[in-house]
**Q** 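Attaching a single structure in structure tokens format; questions to follow.
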Number of protein chains: 2
Amino acid sequence: MGSPATRLPRPATVGRPCSIAATLALVGEKWALLAVREIALGNRRFDAIARNTGAPRDILTTRLRSLEAAGIIERRPYQDRPARFEYHLTPAGQDLKPVLQLLARWGDTWLDADPPVAYTHHDHDLEATLMCRTCGDEVTPHTVQAHVQAPGWTRQGPTDT
Amino acid sequence: MGSPATRLPRPATVGRPCSIAATLALVGEKWALLAVREIALGNRRFDAIARNTGAPRDILTTRLRSLEAAGIIERRPYQDRPARFEYHLTPAGQDLKPVLQLLARWGDTWLDADPPVAYTHHDHDLEATLMCRTCGDEVTPHTVQAHVQAPGWTRQGPTDT
DNA sequence: ACAGTGAGTTGGAAAATCCAACCATTGATG
DNA sequence: CATCAATGGTTGGATTTTCCAACTCACTGT
């Protein structure tokens, strides 16, 4: 992942204080991640994003606005007369690609029928896995322990099964 | 990630055929991933999930039902008289943990203020990164190429920026 | 007898989403 | 010149979801 020059405002969440909830507050609304997917694929224009995601155009407008406000995408004019715009990922938006990658991988793994998109890494099929940079081991549910910082929001019971 | 014994039905999606869209059709509704998060943390009872996510109880009921129908969680009775249940992750649900991990990591990286949950791997801080199992290199936007299988849904332009 | 726990239901208000149609600007076509 | 198509949206109104507070039911503990 990249590293932030400036960090984005953390949105308010309810329930357990959690970066997952905060992240989902920014990109968890309907169509938001699919819009990011299209932009990541290189489809930067409103019409292309609308067509490829299937999102209603008015909803897409509000999503693009809030993703922009959140600092995940940028709206850049590419011509005047008439004014036309395209959307680009910010560094933070780029950093959502691994999330999309993993969502795609989950679907490819667990859902019926052929995966509609194939990925190659360098020149071979991509076999992505989460690794720990410190020790080089694979990250599995068993080897990871969560430590909740906020008092009152304890975990109850073991992590697995 | 785990490997599927039986695969789950792929939900219908609009727009570009895509495993991301299909996955989000199952877990992309409001509160769904947060419910999975709580169950993954070991909080298996309805009240605990409701309290820790902040989800309205009626919505939580419908989410738990559809996650169960999708094959992501299981509802198991742990006593009769009165009938009481707890929720467990199926293997497919377990496999969503890396997705949650990455969402948390994105928030920890890009959002202001201290991350409310810390993770340790074995005995050190977790520094998770996506690696390719085939070649051992890190997976970055530059080194991955998407190949759309479905005709008519081409990618336009380069993957980056 | 009464309060408390656990797992929901219910009714009604509020918000979000969906859809089809519309608008404005400009360049190309007949 | 009238019209068409492309682009990037708006708009109004119907539909669907979500939210909230209160309620239920079946017990258990005091």
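Every heavy atom of this structure was used, including side-chain atoms; hydrogens, water molecules and symmetry mates were not. Every chain is numbered from 1, with letters handed out A, B, ... down the list of sequences.
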**Q** What range of DNA chain C does chain A touch, first nucleotide to last, counting atoms under 4.0 Å from its heavy atoms?
**A**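 The contact span of chain A on DNA chain C goes from C/dT17 to C/dT26.
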**Q** For the pair B/Arg75 and B/Glu68, find out whether any cationic side-chain nitrogen is under 4.0 Å from an anionic carboxylate oxygen.
**A**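 Salt bridge flag = no for B/Glu68 with B/Arg75.
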**Q** For the side chain of B/Thr143 and the backbone of B/Val139, is there at least one donor-acceptor N/O pair under 3.5 Å apart?
**A**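 A pair under 3.5 Å: no.
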**Q** So if I define the base as every atom that isn't primed, P, OP1 or OP2, how would nucleotides 9-25 of chain D read as a B/S/- string at a heavy-atom cutoff under 4.0 Å?
**A** BBBB-----SBB-----
**Q** Give a yes or no on whether a salt bridge exists between B/Glu29 and A/Lys30, defined as a side-chain N under 4.0 angstrom from a carboxylate O.
**A**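 The answer is no: the pair does not qualify as a salt bridge.
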**Q** Within this structure, what is the CD1-to-P distance between A/Ile39 and D/dG8, rounded to whole angstrom?
**A**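 Going from CD1 in A/Ile39 over to P in D/dG8 covers 12 Å.
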**Q** Taking the nucleotide of DNA chain C with the closest heavy atom to each, which residue, B/Glu86 or A/Arg81, is nearer the 5' end?
**A**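 Nearest-nucleotide comparison on DNA chain C picks B/Glu86.
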**Q** Among A/Thr23, A/Thr6, A/Thr90, A/Asp95, exactly one meets side-chain hydrogen bond (donor to acceptor under 3.5 Å, both in side chains) together with B/Trp110. Which residue is that?
**A**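 Between B/Trp110 and the candidates, side-chain hydrogen bond (donor to acceptor under 3.5 Å, both in side chains) is satisfied uniquely by A/Asp95.
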**Q** Is it possible for you to check whether B/Arg44 lies under 6.0 Å from the centre of the six-membered ring of B/Tyr78, through NZ or CZ, and within 45° of that ring's axis?
**A**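 Relative to the ring axis of B/Tyr78, which defines the angle, B/Arg44 lies outside at least one limit.
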**Q** Check this for me, if you would: do B/Glu86 and B/Arg45 make a salt bridge, where the nitrogen-to-carboxylate-oxygen distance has to be below 4.0 angstrom?
**A**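 Salt bridge between B/Glu86 and B/Arg45, a charged N being under 4.0 Å from a carboxylate O: yes.
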**Q** One pair to check against side chain to side chain contact (heavy atoms under 4.5 Å, CB included): B/Thr53 and A/Arg16. What are the steps and the verdict?
**A** CA-CA 6 Å; B/Thr53 59; A/Arg16 174 201 297 283; over 6 Å; no
**Q** Can you confirm whether the side chains of B/His121 and A/Asp137 place a donor and an acceptor under 3.5 Å from each other?
**A**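 Result is no, nothing qualifies.
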